[in-house]
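Presented below is the structure to which this report refers.
Note that these values count all heavy atoms, side chains included, but never hydrogens, waters or copies made by symmetry.
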Amino acid sequence: MEYLHSTRNGNEMVSSFEAIAEGLAKDGGLFVPNEIKPLKNWQKWSRYSYIDLATEIFAAVFPDWNKESLRTCVKKAYTDHFDTKEVTPLSAIGDAYLLELY
């Protein structure tokens with residue numbers, strides 16, 4: 001089992017299941033893994049849907065989770081909860097683009 005620690009002091013070690021349930025560490029820090037193994041085949045990720053990309057990223061951070069379980073969680077979190085079909089819509093402002101995160 002992989003353990004995560006707080007970005008604030010690193011003393012609190014929890015499982016990925018505990019980290020997800022708690023959200024933030026008791027000291028207010030974010031939970032991060034001790035190590036993220038090199039990502040395989042990341043070059044093809046630019047063609048992935050948001051759901052597929054999020055699943056791959058979460059699988060790298062939470063290797064003790066089954067990838068299909070992660071995909072199910074991601075779909076539940078990012079489906080039918082937004083005003084637009086795009087989870088992270090871009091708006092053109094002249095030659096620049098704005099990522100809408102509200």
Side-chain angles (χ1 to χ4, degrees):
M1 176 177 288
E2 299 286 326
Y3 287 93
L4 294 95
H5 65 273
S6 171
T7 54
R8 294 249 171 115
N9 68 28
N11 293 331
E12 182 182 3
M13 300 292 286
V14 299
S15 72
S16 60
F17 296 99
E18 292 170 310
I20 290 169
E22 291 181 30
L24 292 175
K26 291 179 183 134
D27 62 11
L30 301 174
F31 287 113
V32 295
N34 291 325
E35 171 187 23
I36 296 178
K37 295 177 177 58
L39 302 174
K40 297 177 183 176
N41 302 319
W42 60 268
Q43 296 89 344
K44 67 181 180 180
W45 290 7
S46 66
R47 297 186 305 269
Y48 281 14
S49 69
Y50 190 90
I51 301 294
D52 291 337
L53 180 60
T55 300
E56 290 296 329
I57 292 169
F58 285 130
V61 176
F62 303 121
D64 50 335
W65 278 62
N66 171 296
K67 197 179 269 192
E68 283 308 310
S69 295
L70 287 170
R71 184 180 311 285
T72 299
C73 291
V74 169
K75 281 183 180 179
K76 286 182 180 178
Y78 293 111
T79 306
D80 298 329
H81 295 282
F82 298 91
D83 294 336
T84 64
K85 184 178 178 177
E86 301 84 17
V87 176
T88 54
L90 292 173
S91 296
I93 301 176
D95 291 337
Y97 288 88
L98 176 70
L99 178 60
E100 298 179 22
L101 297 175
Y102 51 86

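For Phe17, the ring pair (Phe, Tyr, Trp, His ring centres under 6.0 Å) criterion is met by Trp65, not counting sequence neighbours. In this view, Pro89 and Thr84, Glu86, Glu100 satisfy the side chain to side chain contact (heavy atoms under 4.5 Å, CB included) rule, not counting sequence neighbours. Under the salt bridge (charged side-chain N to carboxylate O under 4.0 Å, His left out) criterion, Glu35 pairs with no residue, sequence neighbours left out. Partners of Asn34 under the side chain to side chain donor-acceptor pair (under 3.5 Å) rule, at least two apart in sequence or in another chain, are His5. The side chain to side chain contact (heavy atoms under 4.5 Å, CB included) check on Glu22 picks up Glu12, Val14, Glu18, Phe31, with sequence neighbours excluded. For Asp95, the side chain to side chain donor-acceptor pair (under 3.5 Å) test picks out no residue, with sequence neighbours left out. Partners of Ser6 under the side chain to side chain donor-acceptor pair (under 3.5 Å) rule, at least two apart in sequence or in another chain, are Asp27. Scanning for side chain to side chain contact (heavy atoms under 4.5 Å, CB included) contacts around Leu99 gives Thr88, Leu90, Leu101, with sequence neighbours left out. Residues satisfying the side chain to side chain donor-acceptor pair (under 3.5 Å) test with Lys26, not counting sequence neighbours, are none.
Under the salt bridge (charged side-chain N to carboxylate O under 4.0 Å, His left out) criterion, the residue pairs touching residues 57-67 are Glu56-Lys67, with sequence neighbours excluded.
Looking at Thr7, its side chain does come within 3.5 Å of a backbone N or O of Leu30 through a donor-acceptor pair.
Leu4 approaches Pro33 most closely through the heavy-atom pair CD2-N, 3.8 Å.
Taken from SG in Cys73 to CZ in Phe62, the straight-line distance is 10.0 Å, to the nearest 0.5 Å.
Val32 shares a hydrophobic cluster with no other residue; no ILVMFWY side chain has heavy atoms under 4.5 Å from its own.
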For residues 43-50, dump all side-chain donor-acceptor pairs below 3.5 Å to protein atoms at least two apart in sequence or in another chain.
{"unit_1": "Ser49", "atom_1": "OG", "unit_2": "Asp52", "atom_2": "N", "d": "3.1"}
{"unit_1": "Ser49", "atom_1": "OG", "unit_2": "Asp52", "atom_2": "OD2", "d": "3.3"}

